[in-house]
Amino acid sequence: MRAVGVKEYGATPEVLDVPKPTPGPGQLLVRVAAAGINPVDSFIAAGMYGKPPLPLVMGVDFAGHVESLGPGTSRYTVGDAVFGRAAGTYAEYVVVDETGPIAPAPDAIELKTSAALPTAAGTALAILDRAEVRGGESLLLLGAAGGVGTFLTQLASARDARVVAVTRGDESIRMGLLGAAVTIDATRESIPDRIRRDEYPEGVDVLVDLVSTDPQTFTANKQLVHDGGVAVSTRGATTEHGTVQSGVEEIAFILQPTADLLATLAKEVDAGRLKVFIDEEVPLEQAPQAVARIQGGGARGKTIVKP
Ligand SMILES: NC(=O)c1ccc[n+]([C@@H]2O[C@H](COP(=O)([O-])OP(=O)(O)OC[C@H]3O[C@@H](n4cnc5c(N)ncnc54)[C@H](OP(=O)(O)O)[C@@H]3O)[C@@H](O)[C@H]2O)c1
């Protein structure tokens with residue numbers, strides 16, 4: 001089958017011809033309708049999360065139809081529309097554990113569009129729950145225009161949190177439509193000035209930092225949170241898992257995708273509380289270029305790949 005991946009860890013992704021997988025006990029074979037691109041795909045292909053066999057088919061997010069069932073499966077039938085996370089989704093087919101992070105796809109959107117949800121929207125939802133964001137709270141979101149940020153803005157504002165979205169470039173109209181109360185263009189304005197002088201002199205309740213990789217920058221951003229607040233990093237800028245540092249709880253967020261999390265996302269989409277904005281849809285053969293574009297920054301919503 002056709003797939004996209006690497007022959008060596010860290011190599012440039014390329015179109016591959018690999019064997020069609022066979023579902024083992026407890027597994028489903030899914031014909032991929034689309035795969036979602038995430039920054040983590042390149043990290044996995046670089047060998048940063050272990051050394052799976054080569055060639056390595058890239059991608060973790062998928063949506064598609066169940067094509068066949070492995071022995072001992074009972075939860076799905078052939079033809080079911082599903083979405084979720086699995087290893088090697090930039091391909092025509094992927095094998096998935098039926099008890100793993102997979103759920104029936106939402107009805108309200110096209111199946112291919114669901115491929116944009118698992119990692120980015122799952123992260124957004126899990127962060128809101130982990131940080132216990134409540135109605136009326138303020139949430140400062142750095143890196144708001146990308147995949148996680150666009151979902152988090154919607155889900156947080158649906159909970160009546162007040163989202164202060166930080167982007168690079170003027171994204172105020174788009175972020176406002178997603179529910180942001182305020183959008184700050186980091187290329188034109190000082191974030192500390194806007195927060196401390198104009199918006200929250202006492203500091204915000206919650207910081208979600210999708211951008212910083214170094215502890216110094218994260219610590220500086222944390223100064224914008226009041227004592228008793230929460231600061232979350234998705235990029236390893238803290239290693240703390242809930243300890244209070246200088247009055248603020250630090251959370252090194254790591255996504256633990258589950259079937260329940262995906263089912264909740266599907267429910268949010270079907271209820272109209274979560275919209276999926278596809279920035280770009282590319283054929284499988286153009287996935288290497290799309291991955292390179294995302295690595296270069298500038299994501300506005302999600303990119304999906306169609307085999
Ligand atoms: N720990 C976990 O489990 C987990 C889960 C999901 C994601 N993540 C990580 O979280 C990060 C965000 O994920 P994503 O899927 O949202 O990535 P994405 O779709 O690539 O979006 C990142 C966004 O951040 C913006 N950005 C970059 N630097 C910025 C800055 N200084 N100020 C404001 N905006 C900035 C980018 O746009 P511009 O380049 O135009 O500024 C882009 O819109 C990634 O590093 C990803 O690997 C971690």
Side-chain angles (χ1 to χ4, degrees), residues 35-46 48-49 58-61 85 101 115-131 139-156 163-172 174-175 178 180 182-192 194-195 207-214 216-218 220-221 224 231-241 250-258 261-262 265 276-280 290-305:
I37 299 186
N38 291 287
V40 73
D41 302 346
S42 299
F43 305 150
I44 293 170
M48 288 164 61
Y49 291 85
M58 291 175 69
V60 292
D61 285 356
R85 298 232 323 177
L117 286 165
T119 298
T123 296
L125 184 60
I127 285 176
L128 285 183
D129 289 343
R130 177 66 184 82
L139 191 158
L140 174 61
L141 179 55
L142 308 183
V148 177
T150 50
F151 289 125
L152 190 48
T153 300
Q154 295 180 69
L155 292 168
V163 176
V164 178
V166 177
T167 58
R168 285 196 297 197
D170 182 3
E171 295 292 324
S172 55
R174 207 166 61 91
M175 295 314 300
L178 294 175
V182 177
T183 302
I184 302 173
D185 178 353
T187 64
R188 295 171 64 94
E189 296 184 86
S190 151
I191 303 165
R194 279 297 304 274
I195 298 298
L207 163 73
V208 178
D209 188 338
L210 304 171
V211 171
S212 310
T213 50
D214 67 285
Q216 292 81 359
T217 310
F218 181 69
N221 293 336
L224 303 173
V232 180
S233 166
T234 60
R235 301 197 63 183
T238 174
T239 51
E240 303 297 329
H241 290 279
E250 292 191 7
I251 297 173
F253 178 82
I254 295 171
L255 178 63
Q256 314 272 343
T258 63
L261 185 71
L262 292 161
L265 289 178
V276 186
F277 295 94
I278 302 298
D279 186 26
E280 200 178 7
V291 167
R293 278 197 294 279
I294 284 168
Q295 276 180 321
R300 298 289 176 269
K302 293 293 299 175
T303 298
I304 57 171
V305 175

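Counting starts at 1 for both ligands and their atoms, following the listed order.
No side-chain donor-acceptor contact under 3.5 Å links D279 to the backbone of K302. Between the side chain of D129 and the main chain of A131, no donor-acceptor pair closer than 3.5 Å is present. Panel note: side chain N38, backbone V40; no donor-acceptor pair is recorded below 3.5 Å.
Here the heavy atom of the protein found nearest to atom 32 (N) of ligand 1 is R168 CG, 3.5 Å. When only non-hydrogen protein atoms are considered, atom 45 (O) of ligand 1 lies nearest to R235 NE, 2.9 Å. Counting protein heavy atoms only, atom 22 (C) of ligand 1 is closest to G146 CA, 4.2 Å. Looking only at protein heavy atoms, the nearest one to atom 2 (C) of ligand 1 is F253 O, 3.7 Å. For atom 4 (C) of ligand 1, the nearest non-hydrogen atom of the protein is T234 O, 4.0 Å. Protein heavy atom in closest approach to atom 47 (O) of ligand 1: P39 CB, 3.5 Å.
Inclusion of V148 in the set of residues having an N or O under 3.5 Å from an N or O of ligand 1 is warranted. For a threshold of 3.5 Å applied to N or O pairs, the pair formed by I254 and ligand 1 contains no separation below that value. Residue T167 places no N or O, backbone or side chain, under 3.5 Å from any N or O of ligand 1. Between N38 and ligand 1, not a single N/O pair is under 3.5 Å apart. Between T119 and ligand 1, no pair of N/O atoms sits closer than 3.5 Å.
The closest approach between a heavy atom of K302 and any atom of ligand 1 is not below 4.0 Å. Residue L142 places every heavy atom at 4.0 Å or more from ligand 1.
By the 4.5 Å heavy-atom criterion applied to side chains, L265 and F151 are not counted as neighbours. When side chains are defined from C-beta on, T119 counts as touching L255, because their heavy atoms get closer than 4.5 Å. A heavy-atom distance below 4.5 Å is found between the side chains of L262 and P101. Between V208 and L142, every side-chain heavy-atom pair lies at or beyond the 4.5 Å cut-off. With contacts defined as side-chain heavy-atom distances shorter than 4.5 Å, the pair I184/I195 qualifies. Side-chain contact between L117 and D61 is absent, with no heavy atoms from C-beta onward closer than 4.5 Å.
When all heavy atoms of N221 and S212 are compared, the pair lying nearest together is ND2-OG, 3.1 Å.
Distance check, rounded to the nearest 0.5 Å: CG of L139 to OG1 of T153 gives 8.0 Å. Separation of atoms OG1 (T303) and CD1 (I37) is listed at 5.5 Å; rounding is to 0.5 Å.
Shown in contact with A145 at under 4.0 Å from a heavy atom are these atoms of ligand 1, numbered in order with element: 43 (O). Interface atoms of ligand 1 facing G298, defined by a heavy-atom separation under 4.0 Å, are 37 (O), 38 (P), 39 (O), 40 (O). Within ligand 1, counting atoms from 1 as listed, the ones closer than 4.0 Å to a heavy atom of F43 are 47 (O). Within ligand 1, the atoms closer than 4.0 Å to a non-hydrogen atom of L210 are 11 (C), 12 (C), numbered from 1 in the order shown. The ligand atoms of ligand 1 that sit less than 4.0 angstrom from a heavy atom of T123 are 5 (C), 6 (C). Residue G297 approaches ligand 1 through these ligand atoms, each under 4.0 Å from one of its heavy atoms: 39 (O). Atoms of ligand 1 found under 4.0 Å from any heavy atom of R300, numbered from 1 in the order shown, are 37 (O), 38 (P), 40 (O), 43 (O).
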message = Please determine whether side-chain hydrogen bond (donor to acceptor under 3.5 Å, both in side chains) holds for the pair T183 and E171, giving the CA-CA distance in whole Å, both sets of side-chain angles, and the decisive distance to 0.1 Å.
response = CA-CA 7 Å; T183 302; E171 295 292 324; over 6 Å; no

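Atom 34 (N) of ligand 1 has its nearest heavy-atom neighbour, among G143, G296, G147, G169, in G143.
Between E280 and R300 no salt bridge is recorded (no basic side-chain N to carboxylate O distance below 4.0 Å).
Only the side chain of V211 comes within 4.0 Å of ligand 1, counting heavy atoms alone; its backbone N, CA, C and O stay farther away. The backbone and the side chain of L255 each have at least one atom closer than 4.0 Å to an atom of ligand 1 (non-hydrogen atoms only). Of all the heavy atoms of A299, the ones lying under 4.0 Å from any atom of ligand 1 are found in both the backbone and the side chain.
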